[in-house]
Participant: 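Here it is, the structure in full.
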There are 2 protein chains.
Amino acid sequence: MPKGITREKVVEAALELLDDKGIEGVTVRALAQRLDVRAPALYWHLRNKQELLDEMSTTVLRRIADELPPPGSDWREDLAAYARVLRAEYLRHRDGARTFSGARVSDPDLVARVKEPLYQSWTKAGLTLQEADDALDVVVAFVVGFVIEEQERLQSAVTDPTRYSLAERDAGLGEHAPLTKDAGHLRDDSGERFERHLGIVLDGLAARHVRHDPPARRRRTR
Amino acid sequence: MPKGITREKVVEAALELLDDKGIEGVTVRALAQRLDVRAPALYWHLRNKQELLDEMSTTVLRRIADELPPPGSDWREDLAAYARVLRAEYLRHRDGARTFSGARVSDPDLVARVKEPLYQSWTKAGLTLQEADDALDVVVAFVVGFVIEEQERLQSAVTDPTRYSLAERDAGLGEHAPLTKDAGHLRDDSGERFERHLGIVLDGLAARHVRHDPPARRRRTR
DNA sequence: ACCTGAACACCGTTCAAGT
DNA sequence: ACCTGAACACCGTTCAAGT
């Protein structure tokens with residue numbers, strides 16, 4: 001009688017293990033123990049550990065795809081929504097940004113499920129496909145970079161409270177870096193920072209697009 | 001008689017090992033072999049492997065600091081130069097972006113050496129410190145995200161040529177994703193893409209700054 | 001078809017002991 | 001002060017063998 005372990009259950013358990021112990025704790029043996037089997041059993045369901053990691057990334061991307069609202073009338077809002085969902089899903093898992101960015105996604109259809117509706121909507125609104133593709137890539141790059149840094153900071157605040165303590169930092173900085181020191185003190189809530197920085201990136205995209213794409217207007221005039 | 005191993009030589013050898021074998025190949029034992037000592041010898045010079053990784057990151061950041069041109073008259077050019085140096089230094093090392101981003105930098109003065117001149121110059125030109133700090137962070141986040149993706153693509157093109165082959169991808173995509181398919185085909189040289197995307201981000205920063213910062217003008221009138 | 005036991009070639013790290 | 005030998009508690013993975 002099989003123990004009822006499926007590929008899906010293995011991946012699910014791996015994601016729980018990630019949240020509990022971090023990426024270092026995701027070992028084949030620990031995962032097997034959590035599923036109440038011996039380590040080699042997992043190799044019946046997955047070719048190797050890399051395939052496990054790929055499946056974990058794919059599962060997270062699937063959740064992102066599910067949470068994504070359908071494109072609306074404003075490409076800027078579509079992008080903002082995408083950025084927020086991406087960040088939220090990365091933050092939801094310990095080491096999420098590092099683990100899932102640059103992910104090898106096993107299901108190519110899934111990528112299309114996310115991108116195609118956005119491309120459709122934006123090209124109809126007057127963007128070229130190149131611009132739409134660039135827009136998505138720039139936003140994703142920004143979110144990945146932002147959350148990697150954010151999560152590193154959040155997590156080492158727990159494991160090593162001195163590392164990001166401002167007092168420690170100020171002491172290390174000496175006298176010749178007053179602005180660097182001050183800048184450290186005006187760091188606000190990271191959610192606010194994210195929204196502000198996202199706004200900057202979207203402004204950059206707008207700067208290129210509005211030139212030849214006044215969307216509402218063009219449609220109404222004839 | 002000591003074997004002449006120093007902390008600096010260990011870190012240097014670790015960076016060579018990284019380039020040869022990738023981050024998975026950077027093991028204490030392999031590093032010891034390269035230095036012609038036994039593994040425990042390294043623990044005289046470094047507390048543990050994490051400290052080794054921190055020192056590697058710090059060394060790379062030091063090189064970035066050395067290569068950075070002094071700030072000029074245009075914050076936009078300063079940022080572009082920073083972004084290019086950062087990307088180049090990440091690309092120079094195998095797994096560079098993943099390994100060095102979100103780095104725990106051991107030397108706080110080094111961070112100041114990079115940031116302080118830029119903050120100085122930009123605040124003199126009319127930016128607030130908050131804006132200067134945001135600008136740097138947004139650009140760094142973008143570069144980190146961009147290069148992680150870029151390097152993943154470059155490296156798996158070597159190790160697994162089918163993964164990013166367009167033909168394979170097109171086959172997996174089926175019929176319902178024509179735009180996603182087309183977008184895959186208009187990907188140009190990654191250097192050009194970087195410059196274009198960097199331009200977008202800088203435009204976003206400009207959109208906020210030019211409003212209250214016509215730099216040359218303000219100084220001349222009285 | 002699905003899982004285990006045993007084994008292989010590795011890891012990072014500690015520590016007494018050598019020089 | 002600087003390094004080694006031996007050992008500990010781990011890794012991912014393979015494979016014959018069990019049911």
Side-chain angles (χ1 to χ4, degrees), chain A residues 1-58 94-95 98-100 103-104 106 155-156 159-160, chain B residues 1-58 94-95 98-100 103-104 106 155-156 159-160:
Chain A
M1 68 290 255
K3 289 227 178 176
I5 308 253
T6 65
R7 203 179 157 87
E8 289 72 35
K9 283 186 177 175
V10 173
V11 173
E12 202 183 328
L15 283 169
E16 290 170 20
L17 190 57
L18 176 67
D19 294 344
D20 281 5
K21 313 281 182 185
I23 188 66
E24 305 278 276
V26 179
T27 71
V28 176
R29 285 168 149 89
L31 181 56
Q33 192 170 12
R34 188 174 270 257
L35 291 162
D36 202 35
V37 294
R38 311 296 138 199
L42 300 182
Y43 287 81
W44 181 261
H45 301 277
L46 294 156
R47 203 152 17 134
N48 50 34
K49 192 178 176 179
Q50 186 57 57
E51 195 169 290
L52 173 68
L53 293 170
D54 294 351
E55 284 304 313
M56 291 167 72
S57 297
T58 303
R94 194 160 154 190
D95 297 321
R98 305 196 76 87
T99 306
F100 304 127
R104 306 144 175 98
S106 58
Q155 291 183 176
S156 28
T159 61
D160 175 7
Chain B
M1 68 288 257
K3 289 226 180 179
I5 307 244
T6 65
R7 203 180 158 87
E8 289 71 34
K9 284 185 175 176
V10 173
V11 173
E12 202 184 328
L15 283 168
E16 290 170 22
L17 190 58
L18 176 67
D19 294 344
D20 281 5
K21 313 281 182 187
I23 188 66
E24 305 278 277
V26 179
T27 71
V28 175
R29 285 169 150 88
L31 181 55
Q33 193 171 13
R34 188 174 269 257
L35 291 162
D36 202 34
V37 294
R38 311 296 139 199
L42 300 182
Y43 287 81
W44 181 261
H45 302 277
L46 294 156
R47 203 151 16 131
N48 51 34
K49 192 179 177 178
Q50 186 56 57
E51 195 168 291
L52 173 69
L53 293 170
D54 294 351
E55 284 303 313
M56 291 167 71
S57 297
T58 303
R94 195 159 154 189
D95 297 321
R98 305 195 77 88
T99 307
F100 304 127
R104 307 145 175 96
S106 58
Q155 291 183 6
S156 32
T159 61
D160 174 8

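What you see below is based on every heavy atom in this structure, not just the backbone, and it leaves out hydrogens, waters and symmetry mates. Each chain gets a letter, A, B and so on, in the order its sequence line appears, and its residues count up from 1.
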Participant: Apply the test side-chain contact (heavy atoms from CB on, under 4.5 Å) to residues B/Gln155 and B/Asp95: give CA-CA distance (whole Å), side-chain angles for both, the deciding distance (0.1 Å), then the verdict.
Facilitator: CA-CA 8 Å; B/Gln155 291 183 6; B/Asp95 297 321; 2.9 Å; yes
Participant: So, does A/Asp54 use its side chain to make a donor-acceptor pair with the main chain of A/Ser57 at under 3.5 Å?
Facilitator: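 No; zero donor-acceptor contacts below 3.5 Å.
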Participant: Taking all non-hydrogen atoms of both residues into account, name the closest pair between B/Thr27 and B/Lys49 and its distance.
Facilitator: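 Closest pair (atom of B/Thr27, atom of B/Lys49, distance): CA-NZ, 4.2 Å.
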Participant: Stepwise, does the side-chain contact (heavy atoms from CB on, under 4.5 Å) test hold for B/Thr6 with B/His45?
Facilitator: CA-CA 7 Å; B/Thr6 65; B/His45 302 277; 5.5 Å; no
Participant: Within the structure provided, determine whether B/Leu31 and B/Leu52 are in side-chain contact (heavy-atom separation under 4.5 Å).
Facilitator: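 In short, these two side chains touch, coming nearer than 4.5 Å.
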Participant: Excluding sequence neighbours, so at least two apart, what forms side chain to side chain contact (heavy atoms under 4.5 Å, CB included) with B/Ala32?
Facilitator: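 For B/Ala32, the residues satisfying side chain to side chain contact (heavy atoms under 4.5 Å, CB included) (neighbours in sequence not counted) are B/Val37, B/Ala39, B/Leu42.
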Participant: Can you sort out which residues in residues 6-13 of chain B have a heavy atom within less than 4.0 Å of DNA chain C? Ascending by number, please.
Facilitator: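 None, since no heavy atom is under 4.0 Å.
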Participant: Taking all non-hydrogen atoms of both residues into account, name the closest pair between B/Tyr43 and B/Asn48 and its distance.
Facilitator: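 The pair with the smallest heavy-atom distance is CE2-CA, 4.0 Å.
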Participant: Roughly how far apart are A/Phe100 CZ and A/Met56 CE, rounded to 0.5 Å?
Facilitator: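 These two atoms lie 5.0 Å from each other.
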Participant: Which parts of residues 34-45 of chain B get close to DNA chain C, meaning a heavy atom less than 4.0 angstrom away?
Facilitator: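 Only B/Pro40, B/Tyr43 qualify.
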Participant: Counting distance only, does the side-chain N/O of B/Lys9 pair as donor-acceptor with the main-chain N or O of B/Leu35 below 3.5 Å?
Facilitator: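 Not a single qualifying donor-acceptor pair exists.
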Participant: Where along residues 14-33 of chain A does a heavy atom come under 4.0 Å from DNA chain C, residue by residue in number order?
Facilitator: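 Heavy-atom cutoff 4.0 Å gives A/Arg29.
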Participant: What donor-acceptor contacts under 3.5 angstrom involve side-chain atoms of residues 14-23 of chain B, with partners at least two apart or in another chain?
Facilitator:
{"from": "B/Glu16", "atom 1": "OE1", "to": "B/Arg34", "atom 2": "NH1", "distance (Å)": "3.3"}
{"from": "B/Asp19", "atom 1": "OD1", "to": "B/His93", "atom 2": "ND1", "distance (Å)": "3.0"}
{"from": "B/Asp19", "atom 1": "OD1", "to": "B/Arg94", "atom 2": "N", "distance (Å)": "3.4"}
{"from": "B/Asp19", "atom 1": "OD2", "to": "B/His93", "atom 2": "ND1", "distance (Å)": "3.3"}
{"from": "B/Asp20", "atom 1": "OD2", "to": "B/Arg34", "atom 2": "NH2", "distance (Å)": "2.5"}

Participant: What is the distance from NZ of B/Lys49 to C1' of D/dC10, rounded to the nearest Å?
Facilitator: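 That distance rounds to 14 Å.
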Participant: I'd like to know if the side chain of B/Thr58 reaches the main chain of B/Ser106, judged simply by a donor and an acceptor atom lying under 3.5 Å from each other, with no hydrogens or angles considered.
Facilitator: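 Indeed, once roles are kept as given, a pair shorter than 3.5 Å links the two residues.
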Participant: Could you run through DNA chain C and flag its stems, i.e. three or more consecutive Watson-Crick or G-U pairs with both distances under 3.5 Å?
Facilitator: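 So far as stems of 3 or more pairs are concerned, DNA chain C shows C:4-8 with D:12-16, C:12-16 with D:4-8.
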Participant: Other residues, nucleotides and ligands only: do more than 12 of their heavy atoms fall within 6.0 Å of CD on B/Gln33?
Facilitator: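 At most 12 heavy atoms, drawn from other residues, nucleotides or ligands, come within 6.0 Å of this atom.
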